[in-house]
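Let me begin by presenting the structure, written as structure tokens, before commenting on it.
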Amino acid sequence: MKTFINTILLLFLIQIGNAQEVEMITEWKEAKELAKKENKRILIILTGSEWCAPCKKMDKKVIENSEFEKYAEQNLIVFLIDLPGGGLVINSKVYQDYEKFENKYQTNALPSLILTENNGTKIRTLKGKMFRFENVMKQLKSE
């Protein structure tokens with residue numbers, strides 16, 4: 001019985017160790033510094049993960065996909081602006097950041113994925129359905 005419990009515990013720990021999660025940076029300055037240091041592009045994600053149905057779908061089908069996680073870990077710094085549910089506070093930092101990036105990168109849809117160079121220069125705003133894994137990956141990998 002003890003061996004069985006130890007085996008289950010070991011499998012659980014291996015599963016936790018294999019669980020990869022994309023690190024999300026919420027400060028633009030930090031994202032740019034890290035991108036320059038690691039020579040990576042920045043993926044800006046504008047989302048409303050608590051209340052936006054397409055955003056929830058994107059999280060589940062793209063952001064939590066192990067292939068995306070691996071690609072992001074090797075190639076991207078992910079900068080996240082996640083508008084909270086339960087009513088927006090116009091003067092909040094997250095809303096002000098959202099407006100700033102919405103205007104700067106000329107987007108008005110949620111979710112929005114914007115790929116930039118490590119200095120923040122826009123490469124492209126990803127198009128199409130952001131919850132389609134193949135669509136997102138094709139655009140991220142294209143030059």
Side-chain angles (χ1 to χ4, degrees), residues 4-143:
F4 176 74
I5 292 172
N6 286 339
T7 302
I8 296 296
L9 181 59
L10 179 62
L11 290 173
F12 177 73
L13 292 174
I14 289 171
Q15 182 65 28
I16 289 173
N18 288 336
Q20 201 174 3
E21 194 172 299
V22 177
E23 180 182 2
M24 304 282 181
I25 308 294
T26 58
E27 294 296 329
W28 181 239
K29 183 179 176 183
E30 179 185 351
K32 287 197 314 184
E33 288 172 358
L34 201 53
K36 286 178 185 176
K37 178 181 173 186
E38 296 183 15
N39 196 30
K40 294 180 179 179
R41 292 178 169 173
I42 301 171
L43 179 64
I44 301 169
I45 300 177
L46 305 178
T47 188
S49 66
E50 294 176 4
W51 54 270
C52 166
C55 300
K56 289 179 181 182
K57 214 171 177 181
M58 178 191 69
D59 282 348
K60 184 174 183 171
K61 295 186 175 206
V62 177
I63 306 302
E64 295 173 7
N65 182 298
S66 62
E67 189 177 329
F68 172 83
E69 290 172 342
K70 184 177 179 183
Y71 181 83
E73 177 69 29
Q74 294 172 352
N75 300 285
L76 302 170
I77 298 300
V78 180
F79 174 67
L80 177 70
I81 297 178
D82 190 1
L83 294 173
L88 294 174
V89 178
I90 302 299
N91 293 330
S92 70
K93 181 185 180 318
V94 70
Y95 186 78
Q96 289 174 353
D97 284 350
Y98 171 77
E99 277 195 324
K100 174 183 170 185
F101 285 90
E102 175 189 44
N103 292 329
K104 180 176 182 176
Y105 295 106
Q106 301 168 350
T107 185
N108 62 359
L110 287 179
S112 285
L113 299 178
I114 304 147
L115 185 63
T116 75
E117 296 292 351
N118 61 13
N119 63 2
T121 302
K122 181 178 171 180
I123 298 170
R124 76 179 60 83
T125 299
L126 279 61
K127 303 289 182 197
K129 302 207 182 295
M130 293 300 100
F131 54 82
R132 292 209 170 133
F133 176 75
E134 294 79 13
N135 174 50
V136 170
M137 292 307 293
K138 181 179 178 184
Q139 293 182 70
L140 286 175
K141 291 179 178 181
S142 70
E143 289 300 314

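Everything numeric here is computed off the predicted structure, so don't read it as measured data. FYI, the numbering just counts along the sequence from 1.
At least one side-chain heavy atom of L43 sits less than 4.5 Å from a side-chain heavy atom of F68. Counting only heavy atoms from C-beta outward, the side chains of F131 and K60 never approach each other to under 4.5 Å. Side-chain contact between T26 and I81: absent, with no pair of heavy atoms (C-beta onward) separated by less than 4.5 Å. With contacts defined as side-chain heavy-atom distances shorter than 4.5 Å, the pair K61/R132 does not qualify. At least one side-chain heavy atom of E23 sits less than 4.5 Å from a side-chain heavy atom of I25. Looking only at side-chain heavy atoms (C-beta outward), K32 and F79 stay at 4.5 Å or farther from each other. When side chains are defined from C-beta on, T125 does not count as touching L113, because their heavy atoms never get closer than 4.5 Å. You'll find the side chain of W51 reaches within 4.5 Å of the side chain of L83, heavy atoms only.
In this structure, CG on L76 lies 11.5 Å from CG on L34, to the nearest 0.5 angstrom. In this structure, OG on S49 lies 9.0 Å from CE on M24, to the nearest 0.5 angstrom. Note that CD of E73 is 11.0 Å distant from NZ of K70, once rounded to the nearest 0.5 Å. Taking CD1 from I114 and CD1 from I42, the interatomic distance works out to 11.5 Å, rounded to the nearest 0.5 Å. In this structure, the separation between CG on L110 and CE on M58 is 9.0 Å, given to the nearest 0.5 Å. To the nearest 0.5 Å, the span separating NZ on K104 from NZ on K122 amounts to 11.0 Å.
The nearest pair of heavy atoms linking G48 to C55 is N-SG, 3.4 Å. Between N135 and M130, the closest heavy-atom pair is ND2-CE, 3.6 Å.
The aromatic rings of F101 and W28 stand perpendicular to each other, their planes meeting at an angle above 60°, with 30° marking the opposite boundary.
Atom CG of N39 has 12 or fewer neighbouring heavy atoms from other residues, nucleotides or ligands inside a 6.0 Å radius. In R124, the CZ atom is crowded: over 12 heavy atoms of neighbouring residues, nucleotides or ligands sit closer than 6.0 Å. Counting heavy atoms of neighbouring residues, nucleotides and ligands inside a 6.0 Å radius, atom CD of Q106 does not exceed 12 of them. A 6.0 Å sphere centred on NZ of K56 holds more than 12 heavy atoms belonging to other residues, nucleotides or ligands.
No side-chain donor-acceptor contact under 3.5 Å links T47 and D82. Judged by distance alone, the side chains of N65 and E69 never bring a donor and an acceptor atom under 3.5 Å apart.
Exactly one residue among T121, I44, I77 makes a side-chain contact (heavy atoms from CB on, under 4.5 Å) with T116. That residue is I44.
Formation of a donor-acceptor pair under 3.5 Å by the N118 side chain with backbone atoms of R41 is not found in this model.
In summary, E27 and K93 engage in a salt bridge, as defined by a charged side-chain N under 4.0 Å from a carboxylate O. The pair K40-E38 meets the salt-bridge criterion, with a side-chain N (NZ, NE, NH1 or NH2) lying under 4.0 Å from an Asp/Glu carboxylate O.
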